[in-house]
Colleague: 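Please find one structure pasted underneath; my questions will follow.
First listed ligand is number 1; within each ligand, the first listed atom is number 1. Heads up: numbering here begins at 1 and tracks the sequence.
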Amino acid sequence: MKKILVTGAMGQIGSELIPKLREKFGKENVVAVGHHKEPSLEFKNAGPFEMADSGDKEALRNLIEKYQIDTIYHLVGVLSAVGEKNPNLAWEVNMNGLKNVLDLAVEYKIERVFWPSSIAAFGPTTPLFNTPQKTVLEPTTMYGVTKVSGELLCQYYFVKYGLDVRSLRYPGIISWKTPPGGGTTDYAVAIYYDAVANGSYDCFVKEETVLPMMYMDDAVRATLELMEASKEKISIRTAYNLTAISFSAKELAENVAKYIPNFKCTFTPDERQKIADSWPKTIDDQKARDDWGWSHQFDLDKISIEMIKNLKIK
Ligand code: AKB
């Protein structure tokens with residue numbers, strides 16, 4: 001049976017990936033690691049939970065030994081908007097934690113490691129449409145710099161040490177359980193929260209802004225499918241391009257209005273507009289589709305229906 005450690009347990013992806021991993025591998029076999037927020041009682045009681053900073057290598061080592069870990073999902077990260085406000089923090093958290101995890105993975109012969117990359121690895125010199133798997137990577141945010149560096153580091157550990165480390169370039173992820181924090185694509189989540197709570201939303205990017213997006217259920221499934229694929233199928237050791245759908249902020253607002261009559265959206269771009277403008281609008285993820293059978297299930301209508309239904313209950 002697998003023994004899995006997940007850092008960033010209370011983050012947007014961690015909080016939804018962990019229950020799925022527990023369903024699959026048994027709740028005692030998935031150790032959730034948080035680092036600053038106190039978890040809810042429900043979270044704490046759902047399976048093994050530990051507090052540790054991934055910048056603290058000895059703390060991670062203790063957990064790997066204590067639980068005889070063989071698989072790591074290292075999800076801790078500072079996102080793009082917060083990273084631009086505090087580039088040193090973004091570098092420290094995103095790079096030091098990853099380096100510690102990779103070094104310990106080699107030392108303890110960890111079978112498989114997952115680390116999230118992002119469309120933030122691309123920049124203004126990358127082709128904007130149908131961005132290829134192998135292309136120019138010249139991001140203009142510190143978050144993006146850590147994603148390109150992290151991708152290369154992962155590939156280095158694969159080539160040099162044979163470490164089976166896998167990664168995805170996530171687009172913006174839309175989810176309702178845990179609100180995202182500090183990202184540029186957050187408007188695509190906040191719009192649903194505000195629409196359900198107040199019937200209006202003031203969007204921080206221009207209405208014509210188009211970015212690649214994905215519903216959380218698709219993102220979690222992609223992560224599990226990548227990690228379950230046999231080694232021979234994995235031809236990309238930096239990070240796979242991954243996408244579901246692309247739409248403008250205006251199209252998103254119109255779609256929300258379909259399900260919440262009288263919904264009003266205004267657009268007041270702030271500093272995050274510049275970050276959004278530096279990222280591609282559509283992504284070519286054929287390699288993921290060919291190598292391990294990726295295929296998304298949620299289109300914008302399906303996302304809106306799920307988001308609104310669940311937020312109303314919440
Ligand atoms: C962000 O907006 O920073 C993230 C991302 C695209 O990686 N959601």
Colleague: Distance to 0.1 Å, residue and atom name: give those for the protein heavy atom nearest to atom 3 (O) of ligand 1.
Modeller: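 Its nearest protein heavy-atom neighbour is Ser80 OG, 2.6 Å.
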Colleague: For ligand 1, which part of Ala120 has a heavy atom less than 4.0 Å away: the side chain, the backbone, both, or neither?
Modeller: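 None of Ala120 does.
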Colleague: Identify the two heavy atoms, one from Leu242 and one from Ala222, that lie closest to each other, and give their separation to 0.1 Å.
Modeller: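 So the two residues come closest at CD2-CB, 3.9 Å.
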Colleague: Below 3.5 Å, N or O to N or O, backbone or side chain included: is there any such pair between Thr185 and ligand 1?
Modeller: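 Yes, since at least one N or O of Thr185 sits under 3.5 Å from an N or O of ligand 1.
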Colleague: Quick one: which ligand 1 atoms are inside 4.0 Å of a heavy atom on Leu79?
Modeller: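 Numbered from 1, ligand 1 contributes 3 (O).
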Colleague: Are Lys302 and Phe298 in a cation-pi contact, defined as NZ or CZ under 6.0 Å from the six-membered ring centre and within 45° of the axis?
Modeller: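 Judged by the rule (NZ or CZ under 6.0 Å from the ring centre, within 45° of its axis), Lys302 counts as positioned above Phe298.
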Colleague: Could you identify the single nearest non-hydrogen protein atom to atom 6 (C) of ligand 1 and state the distance to 0.1 Å?
Modeller: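 Ranked first by proximity to atom 6 (C) of ligand 1 is Ser118 OG, 3.5 Å.
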Colleague: At less than 4.0 angstrom from any non-hydrogen atom of Tyr143, what atoms of ligand 1 do you find?
Modeller: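 Answer for ligand 1: 3 (O), 5 (C), 7 (O).
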Colleague: Test your reading of the structure: does Asp186 have an N or O sitting under 3.5 Å from an N or O of ligand 1?
Modeller: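 Among all N and O atoms of Asp186, none is under 3.5 Å from an N or O of ligand 1.
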Colleague: Do other residues, nucleotides or ligands put more than 12 heavy atoms under 6.0 Å from Asn262 CG?
Modeller: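 Open.
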Colleague: Look at atom 2 (O) of ligand 1 and say which protein heavy atom is nearest, naming residue and atom and giving the distance to 0.1 Å.
Modeller: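 Checked against all protein heavy atoms, atom 2 (O) of ligand 1 sits closest to Thr184 N, 2.7 Å.
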Colleague: Give a yes or no on whether a salt bridge exists between Glu84 and Arg272, defined as a side-chain N under 4.0 angstrom from a carboxylate O.
Modeller: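 No, Glu84 and Arg272 are not salt-bridged.
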Colleague: Students often mix this up, so state it plainly: with edges at 30° and 60°, are the rings of Tyr143 and Trp279 parallel, tilted or perpendicular?
Modeller: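 If you compare the ring of Tyr143 with that of Trp279, the planes turn out tilted.
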Colleague: From the options Ile64, Leu104, Leu5, select the one residue that forms a side chain to side chain contact (heavy atoms under 4.5 Å, CB included) with Ile110.
Modeller: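 Of all the options given, the one that passes is Ile64.
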